[in-house]
Novice: 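Take a look at the following structure, please.
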Amino acid sequence: MSISDTTTTGGPLHLAVALDGAGWHPAAWRDPAAHPRGLFTARYWTDLARTAERGLLDLLTIEDAFGLQSGDHLSGADRRTDRVQGRLDASLVAAFLAPTTSRIGLVPTVTTTHTEPFHVASALSTLDHDSHGRAGWRVQTSVRADEAAHFGRRSVPGLRRADLDTPAARELVAELFGEAADAVEVVRRLWDSWEDDAEIRDALTGRFVDRDKLHRVDFAGEHFGVAGPSIVPRPPQGQPLVVSLAHGYDPALLAARVGDVVFTTPHDADDAVRIVAQVRAAEAAAGRTAPPLRILGDVVVVLADTERAARERLARLDALDPLSSDAAVLATTPAALADTLLSWRRAGLDGYRLRPAVLPTDLDAIVDGLVPELQARGAFRTAYGETTLRARFGLPRPASRYAAGADAAVVPTPTGATA
Amino acid sequence: MSRKQIVLGAYFPGVNHDTVWNDPASGSHIDWESFEHWARTAERGRLDLLFLVEGLRLRTRGGEVFDQDVVGRPDTFTVLAALAAVAEHIGLAGTINSTFNEPYELARKFATLDLLSGGRAAWNVVTSSDAPTGENFRRGAFLGHHQRYERAGETLAAVRALWDSWGSDAVVADPTSGTFLRDGHVGDFAVSGNQFDIAGRFTTPRSPQGHPVVLQAGESPAGRDFAAASADAIFSRYQRFDEARAFYDDVKARVRRAGRDPDEVRILPSAGVVLGDTAVEARERHEHIHDQQVDPWTSIVLAEMVWNRDLSAYDPDGPLPDVEPTPEAPKWIEGRAPLTQDAHATVAAWRELAQAHGYSLRDTVKHVFDRAVFVGTPEHVADEIDRYVQNDASDGFILGSHISPSGLDEVVDRVVPILQERGVFRTDYTPGATLRENLGLAHPSRFGERRAAVAS
């Protein structure tokens with residue numbers, strides 16, 4: 001590919017990085033450059049976030065779950081002792097990173113299945129306040145039976161990968177997604193429940209707030225009801241960025257109903273075309289009136305100075321513990337990766353979420369190799385512009401739905417729900 | 001004989017009437033910069049811990065959002081985790097409700113905070129019986145008084161079981177042998193009781209303190225026993241010397257009866273400080289601040305909390321309301337801890353006080369709610385703090401201010417140096433010390449085992 005044909009798609013390229021443990025390869029922690037004893041320390045996460053910010057990346061995501069890691073994310077912990085096990089709470093890691101970074105978006109994973117939407121709304125709103133408008137939420141459901149047993153409030157039968165297409169499995173997934181849609185709706189309502197100018201500090205009348213600008217949200221759903229208003233004043237972005245991962249039509253439909261950004265997993269250029277069409281179809285089916293979903297492709301990256309060295313790195317890691325991935329695995333040079341990303345992008349992708357196979361090695365290569373490569377082609381920013389995460393994606397700051405004259409179409413709302 | 005070392009903490013001025021938001025010096029109660037300023041000041045003063053209160057609903061009066069005091073708070077966990085990044089040594093304590101949080105999440109969040117902060121997390125365990133707060137949560141209802149304490153006790157036990165489920169040597173992370181975890185049962189737990197029946201594997205490694213420091217407030221005899229049996233530090237609202245020492249003696253005796261070493265528990269009253277260059281100036285300043293805190297309208301609202309009814313028709317400068325309290329009625333003011341267990345007795349005492357001194361309604365309320373314990377020159381305040389601690393009326397204080405976030409500055413700049421000169425307060429932090437170490441508390445290997453060892 002030549003430089004001239006890299007700008008066929010309009011709009012800035014978005015690049016996110018997905019942080020998880022020692023990296024996305026199960027043997028990452030055994031790489032000589034990894035820091036497996038640092039995974040549960042502040043220093044480890046600060047170093048990664050600062051590197052990502054040095055690379056001018058749009059945002060970083062932090063994986064999370066209520067159960068220990070497992071080779072199969074649907075089943076319970078597998079009791080393997082030869083892989084990274086254990087996690088920190090992602091929303092608190094993001095909170096810690098807020099004052100240690102200044103421009104990068106901070107997007108923790110927070111599940112909707114066992115958490116309280118009121119707590120989620122407060123935590124992410126506060127993250128947005130503390131980061132001056134850089135907070136996002138990666139919405140995730142929990143289908144695992146062992147995670148439900150950690151809470152003891154409900155029983156989830158669990159799923160095996162082979163049974164994913166059975167009616168029972170589809171019903172369970174539909175229930176969890178329905179609950180997730182409700183959770184996002186409640187959280188967005190809570191973010192709106194304080195109008196922007198509710199704090200008046202009117203010494204003359206002795207009123208700190210104008211209570212007419214605080215609103216109950218009065219949500220009543222199948223799994224929970226929340227009265228509101230929020231305890232936290234409206235955050236700087238109005239609503240932090242809502243993102244989710246979609247492997248197929250149903251999760252794409254969830255994203256279309258409630259999200260701002262969707263992560264997808266294209267395996268080649270044709271697959272990217274198919275996925276973009278699927279997302280747009282889901283948006284039409286959901287009757288989405290908000291700005292179109294920003295679609296990022298997820299890829300696992302293994303980078304080196306030559307193609308051969310990259311493939312050998314991957315082979316060495318696979319020999320220790322083979323990688324099985326939902327997303328494409330690209331073992332290549334930064335220049336060739338840039339070619340691939342720009343080529344797939346023509347399908348209508350807005351950018352990518354890169355999953356480094358090994359941390360910090362592949363994040364360093366993204367920042368010091370891929371980013372300059374893309375910049376040289378005029379395809380990536382050379383400085384941060386917009387200060388809020390929402391603005392970086394070209395999304396307007398929503399008005400509170402409860403404010404007079406608010407435009408409800410600026411953000412998505414679940415089909416059928418009252419706003 | 002060496003003198004007792006004083007424990008000092010600071011709480012962030014919040015939604016209660018003692019925060020004077022309309023003072024020109026008052027800043028934001030939400031913006032990150034306020035918390036950062038406050039934390040940096042406290043750390044400059046070498047204080048032991050910062051303390052944040054939690055909010056789970058807005059306060060209402062007669063069913064309407066209360067608009068006269070500061071309204072709104074940020075999320076406690078989120079602010080504490082962010083503060084861990086800008087303050088290197090100070091303890092990070094959060095009030096977190098055991099009624100509207102699940103043990104698995106609580107254990108994860110506090111273990112994470114402890115790991116990110118290098119061993120500085122503390123949990124103030126509280127309960128709630130507030131039905132309207134329940135309206136914000138999927139539990140969907142509230143728990144009766146007895147169940148609340150049962151749940152609090154079971155929550156604390158479950159959280160400690162989860163903290164104990166990873167050994168401190170569980171993570172091997174040896175790339176050569178390919179061993180990440182020491183064995184396949186790391187994190188296994190099973191806890192069942194009346195409130196919880198949970199089992200599985202915990203996700204988060206053992207944190208630097210083993211168990212983050214546990215704080216509680218004990219008021220009723222049952223509450224005092226619960227705190228004495230299970231807390232590392234106990235908040236007290238008893239501020240006058242005699243009542244503070246009575247509380248101290250009572251709780252330390254309960255700690256001993258619970259089979260623990262009384263020296264394992266720190267007792268920390270909250271305290272307001274008002275400074276002046278002279279005693280007269282300090283008293284004048286205190287009077288001015290207190291006038292702002294208990295303005296005429298606030299005096300009515302504080303009386304309403306006792307009477308549990310609308311008193312807006314009464315004159316703050318007139319006599320106490322001639323109606324009786326209605327404690328059995330639906331709560332007139334929701335979202336604030338009750339001021340009294342026995343409204344009739346409290347009203348009777350207030351009437352007696354007003355009669356004896358010729359007080360108006362507002363005078364009475366001002367007298368009752370005078371929270372400024374230490375008023376005077378920096379030397380006098382340092383003397384007093386030291387007197388309380390050396391005479392076992394407290395182990396230290398949690399300091400508040402009527403101004404956020406800068407109200408702590410003058411205490412740190414003017415009082416702390418005097419305590420340091422006297423050798424009763426640290427002049428620097430011990431590098432890498434945990435909050436538990438700073439408070440002089442033992443490091444738990446397993447909570448149950450430690451208690452058994454003390455008892456035997």
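Values below: all heavy atoms of this structure, side chains included; hydrogens, waters and symmetry mates excluded. These numbers come from a predicted model, not from an experiment.
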Novice: May I ask you to decide whether Asp69(B) forms a salt bridge with Arg207(A), counting only side-chain N to carboxylate O separations under 4.0 Å?
Specialist: no
Novice: Taking side chain as everything from C-beta outward and backbone as N, CA, C, O, which of these in Leu39(A) sits under 4.5 Å from a heavy atom of chain B? Side chain, backbone, both or neither.
Specialist: side chain
Novice: Identify which part of Ser131(A) has an atom lying under 4.5 Å from any heavy atom of chain B, answering side chain, backbone, both or neither.
Specialist: neither
Novice: So what's closer than 4.5 Å to chain A heavy atoms on Asp188(B): side chain, backbone, both or neither?
Specialist: side chain
Novice: Which bit of Ser125(A) comes within less than 4.5 Å of chain B, counting heavy atoms only: side chain, backbone, both or neither?
Specialist: neither
Novice: Most heavy-atom pairs under 4.5 angstrom with chain B, which of Ala98(A), Ala34(A), Ala65(A)?
Specialist: Ala65(A)
Novice: Heavy-atom distance under 4.5 Å to chain B: side chain of Ser230(A), backbone, both or neither?
Specialist: backbone
Novice: Counting heavy-atom pairs under 4.5 Å to chain A, which of Thr204(B), Val70(B), Asp183(B) comes out on top?
Specialist: Val70(B)
Novice: Could you look at Val191(B) and say if it's the side chain, the backbone, both or neither that has a heavy atom under 4.5 Å from chain A?
Specialist: neither
Novice: Which residue out of Ala203(A), Ala121(A), Gly206(A), Ala42(A) racks up the most heavy-atom pairs below 4.5 Å with chain B?
Specialist: Gly206(A)
Novice: In terms of heavy-atom proximity below 4.5 Å to chain A, should Leu83(B) be classed as side chain, backbone, both, or neither?
Specialist: neither
Novice: Please rank Trp32(B), Phe35(B), Trp297(B), Phe189(B) by heavy-atom pairs under 4.5 Å with chain A and give me the top one.
Specialist: Trp32(B)
Novice: Does Trp29(A) have any ring-ring contact (aromatic ring centres under 6.0 Å, His included) partners at least two apart in sequence or in another chain, and if so, which?
Specialist: Phe180(B)
Novice: Checking Phe202(B) against His150(A) for the ring-ring contact (aromatic ring centres under 6.0 Å, His included) test, could you report, in this order, the C-alpha distance in whole Å, the side-chain angles of both residues, the deciding distance, and whether it holds?
Specialist: CA-CA 8 Å; Phe202(B) 188 47; His150(A) 294 159; 8.6 Å; no
Novice: For the CG atom of Asp67(B) and the OG1 atom of Thr205(A), what is their distance to the nearest 0.5 Å?
Specialist: 7.5 Å
Novice: Taking the ring of Phe137(B) and the ring of Phe224(A), is the distance between their centroids below 6.0 Å?
Specialist: no
Novice: Please answer whether the main-chain N or O of Asp89(A) pairs with a side-chain N or O of Thr112(B) as donor and acceptor at a distance below 3.5 Å.
Specialist: yes
Novice: What's the separation between atom CD in Glu147(A) and atom OG1 in Thr203(B), rounded to the nearest 0.5 Å?
Specialist: 9.0 Å
Novice: Quick check on Arg83(A) against chain B: is it the side chain, the backbone, both or neither that has a heavy atom closer than 4.5 Å?
Specialist: backbone
Novice: Once rounded to the nearest 0.5 Å, what's the spacing between atom CZ of Arg80(A) and atom CG of Leu181(B)?
Specialist: 12.0 Å
Novice: Please state whether the side chain, the backbone, both or neither of Asp128(A) comes within less than 4.5 Å of a heavy atom of chain B.
Specialist: neither
Novice: What do the steps show when you test Glu105(B) against His114(A) for side-chain contact (heavy atoms from CB on, under 4.5 Å), and what is the final call?
Specialist: CA-CA 9 Å; Glu105(B) 274 186 299; His114(A) 304 293; over 6 Å; no
Novice: Do any of residues 210-217 of chain A have a heavy atom less than 4.5 Å from a heavy atom of chain B, and if so, which, in residue order?
Specialist: Arg211(A), Leu214(A), Arg216(A)
Novice: Looking at every non-hydrogen atom in both residues, tell me the closest pair between Arg37(A) and Ala173(B) and how far apart they are.
Specialist: CG-CB, 3.8 Å
Novice: Tell me which of these, Pro235(A), Ala123(A), Ala27(A), has more heavy-atom pairs under 4.5 Å with chain B than the rest.
Specialist: Ala123(A)
Novice: List the steps, then state whether side-chain contact (heavy atoms from CB on, under 4.5 Å) holds for Leu115(B) with Leu88(A).
Specialist: CA-CA 8 Å; Leu115(B) 282 156; Leu88(A) 300 178; 3.5 Å; yes
Novice: Are any side-chain N or O atoms of Asn136(B) and backbone N or O atoms of Gly228(A), one a donor and one an acceptor, separated by less than 3.5 Å?
Specialist: yes
Novice: Output the distance between atom CG (Asp130(A)) and atom CG (Asp75(B)), rounded to the nearest 0.5 Å.
Specialist: 9.5 Å
Novice: Hey, which of Pro175(B), Pro208(B), Gly187(B), Ser117(B) has the most heavy atom pairs under 4.5 Å with chain A?
Specialist: Pro175(B)
Novice: Would you mind checking which part of Phe66(A) comes under 4.5 Å of any heavy atom in chain B, side chain (CB onward), backbone (N, CA, C, O), both or neither?
Specialist: both
Novice: Checking Thr179(B) against Asp82(A) for the side-chain contact (heavy atoms from CB on, under 4.5 Å) test, could you report, in this order, the C-alpha distance in whole Å, the side-chain angles of both residues, the deciding distance, and whether it holds?
Specialist: CA-CA 5 Å; Thr179(B) 307; Asp82(A) 62 341; over 6 Å; no
Novice: Output, in order, the C-alpha distance, side-chain angles, deciding distance and verdict of side-chain contact (heavy atoms from CB on, under 4.5 Å) for Ile231(A) and Arg57(B).
Specialist: CA-CA 6 Å; Ile231(A) 187 75; Arg57(B) 56 154 290 146; 5.9 Å; no
Novice: Please round to the nearest 0.5 Å and tell me the distance separating atom CD1 of Ile30(B) and atom OG1 of Thr126(A).
Specialist: 7.5 Å
Novice: For residues 56-81 of chain B, which residue pairs qualify under ring pair (Phe, Tyr, Trp, His ring centres under 6.0 Å), counting only residues two or more places apart or in two chains?
Specialist: Phe77(B)-Phe110(B)
Novice: Between Ala149(A) and chain B, which part of the residue has a heavy atom less than 4.5 Å away: side chain, backbone, both or neither?
Specialist: both
Novice: Can you tell which part of Asp295(B) gets under 4.5 Å to a heavy atom of chain A, answering side chain, backbone, both or neither?
Specialist: neither
Novice: Any idea which of Val86(B), Val171(B), Asp197(B) has the most non-hydrogen atom pairs under 4.5 angstrom with chain A?
Specialist: Val171(B)
Novice: Any luck finding a side-chain donor-acceptor pair between Glu33(B) and His132(A) under 3.5 Å?
Specialist: yes
Novice: Which region of Val79(B), side chain (C-beta onward) or backbone (N, CA, C, O), has a non-hydrogen atom less than 4.5 Å from a non-hydrogen atom of chain A, or is it both or neither?
Specialist: both
Novice: Looking just at side-chain N and O atoms, do Asp31(B) and His129(A) make a donor-acceptor pair shorter than 3.5 Å?
Specialist: no
Novice: Are any of the side-chain heavy atoms of Val226(A) and Glu135(B) separated by less than 4.5 Å?
Specialist: no
Novice: Quick one, Asp64(A) with Arg108(B), criterion salt bridge (Lys or Arg N to Asp or Glu O under 4.0 Å). Give me CA distance, side-chain angles, the key distance, then yes/no.
Specialist: CA-CA 11 Å; Asp64(A) 204 357; Arg108(B) 268 189 112 224; 2.6 Å; yes
Novice: Less than 4.5 Å to any heavy atom of chain A: does that hold for the side chain of Ser177(B), its backbone, both, or neither?
Specialist: backbone
Novice: Quick check on Ala84(B) against chain A: is it the side chain, the backbone, both or neither that has a heavy atom closer than 4.5 Å?
Specialist: both
Novice: Go through Thr46(A), Thr81(A), Asp146(A), Leu127(A) and name the one with the most non-hydrogen pairs under 4.5 angstrom from chain B.
Specialist: Thr81(A)
Novice: Looking at Pro236(A), Ala94(A), Ser122(A), Ser91(A), which one has more heavy-atom pairs under 4.5 Å with chain B than the rest?
Specialist: Ser122(A)
Novice: Shorter than 4.5 Å, heavy atoms on both sides: which option in Asn101(B), Leu80(B), Thr298(B), Leu162(B) has the most such pairs with chain A?
Specialist: Asn101(B)
Novice: Please work out which of the three classes, parallel, tilted or perpendicular, describes the rings of Phe151(A) and Tyr104(B), given edges at 30° and 60°.
Specialist: tilted
Novice: Could you tell me which residues in residues 14-26 of chain B have at least one non-hydrogen atom under 4.5 Å from a non-hydrogen atom of chain A, sorted by residue number?
Specialist: Trp21(B), Asn22(B), Ser26(B)
Novice: So which residue, Gly200(B), Ala170(B), Pro205(B), Pro103(B), ends up with the most heavy-atom pairs under 4.5 Å with chain A?
Specialist: Pro205(B)
